[in-house]
Amino acid sequence: MLSERGRSDRGSSGHRGHSGPWDPGLQIERTTLAWSRTALAFVVATAVVIRLLAGTDVVLAAVCAALTLPLVVVISLLTWRRYRRDERSLHREAPLSDGALPGTVAAFTVLVGGLGLIYVLAN
Amino acid sequence: MVPADSETEPRRRPRRVYREGSEPDPRFTLANERTFLAWLRTALALMAGGVGVEALQAAQERTSPLGTLLAVVLLTGGILCSITAFVRWASTERALRTGSALPALRMAPAFGSGLAVIGVLACIFVLVIGF
């Protein structure tokens, strides 16, 4: 699956059976950390929106909390599952995960923005 | 290289990304994913800014049309940013699979000048609200 350059870039430390990481660039780990940072940003953004909505409409804030916060937990769990699956895929030279999770998270971000707009317009 | 539509390959979504080309170097796929996530965090920062402006107005117990406009612009910008982030991720992944040129960052000039306008609006807003 890797291009010829990709294979040669791994160097001796990149091959299984040698010391050092299998992927010297730690690509999957960096990507998973980027997912974690994004999930954290979601928690902060949704918590702020919910806290502010609570001042305007408690029921709406409760509904938003029930909709968004469990979703953040689900996304975090899916991220770690994706990490393990992608690592296995890299070892087997199989395709990486698809765009289902990125698409879902993008849609979720739009939802958070929509909630923010509701808050602004309700005020 | 395994063809994209081989029966042995699991169904991957979105189909318009994976129905063509072959698997690219995974480093490029992962870099594309991290760029997408960076855009999402930018979108969330814009949204947090929008909600923050509104909260500031609420705390001051005075609402100015400029403040509301700023909040709406920031939130709409955040929503647009997250939509275009995914569209860009998809077109970049497709380009990586087909070996074609990466899509141009067309929204960069609009995004840069938009942020400049938002900055000016925010300055005026702060002066109006009296900090």
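Chain naming here is simple, since letters A, B, ... match the order of the sequence lines and numbering starts at 1 in each.
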Validation row: [X], [Y] side chains within 4.5 angstrom (heavy atoms):
X: B/Leu30; Y: A/Arg30; value: no
X: A/Leu117; Y: B/Val72; value: yes
X: B/Pro26; Y: A/Gln27; value: no

Test of understanding: clusters of I, L, V, M, F, W, Y form through side-chain heavy atoms closer than 4.5 Å, transitively. Do [X] and [Y] belong to the same one?
X: A/Val74; Y: B/Leu40; value: yes
X: B/Leu80; Y: B/Val117; value: no
X: A/Tyr119; Y: A/Leu67; value: no
X: B/Ile118; Y: B/Leu69; value: yes
X: A/Val49; Y: A/Leu69; value: no

Sort [X] into side chain, backbone, both or neither according to what part of it lies under 4.5 angstrom from a heavy atom of chain B.
X: A/Ala41; answer: both
X: A/Leu115; answer: neither
X: A/Leu52; answer: side chain

Of the non-hydrogen atoms in [X] and [Y], which two are nearest, and what is the gap between them?
X: A/Pro102; Y: B/Phe36; value: O-CZ, 3.2 Å
X: A/Thr38; Y: B/Arg41; value: OG1-NH1, 3.0 Å
X: B/Tyr18; Y: A/Gly99; value: OH-N, 3.4 Å
X: B/Ile79; Y: A/Gly113; value: CD1-C, 3.7 Å
X: A/Ala106; Y: B/Ser82; value: CB-O, 4.0 Å
X: A/Ser97; Y: B/Arg12; value: O-NH2, 3.7 Å

Look up atom [atom1] in [X] and atom [atom2] in [Y], then write down how far apart they are to the nearest 0.5 Å.
X: A/Leu121; Y: B/Glu54; atom1: CG; atom2: CD; value: 8.5 Å
X: A/Asp98; Y: B/Arg11; atom1: CG; atom2: CZ; value: 11.5 Å
X: A/Thr109; Y: B/Trp39; atom1: OG1; atom2: CH2; value: 14.0 Å
X: B/Leu37; Y: A/Leu33; atom1: CG; atom2: CG; value: 11.0 Å
X: B/Leu44; Y: A/Phe108; atom1: CG; atom2: CZ; value: 9.0 Å

Review point. For B/Ala85, is it the side chain, the backbone, both, or neither that has a heavy atom closer than 4.5 Å to a heavy atom of chain A?
Key: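 Neither part, no heavy atoms under 4.5 Å.
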Review point. Which bit of B/Ala45 is near chain A, if near means a heavy-atom gap under 4.5 Å: side chain, backbone, both or neither?
Key: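 No part of B/Ala45 comes within 4.5 Å of chain A.
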Point to revise | chain B contacts, top residue of A/Gly116, A/Ala107, A/Ala45 (heavy-atom pairs, under 4.5 Å) | key: A/Gly116
Check your understanding: Is the number of heavy atoms from other residues, nucleotides or ligands within 6.0 Å of CZ (A/Arg51) greater than 12?
Key ->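 Atom CZ in A/Arg51 is not packed in, count stays at 12 or less.
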Exercise for review: Could you tell me which of B/Glu33, B/Arg34, B/Arg13 has the largest number of non-hydrogen atom pairs under 4.5 Å with chain A?
Suggested key: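 If we count pairs closer than 4.5 Å to chain A, B/Arg34 comes out on top.
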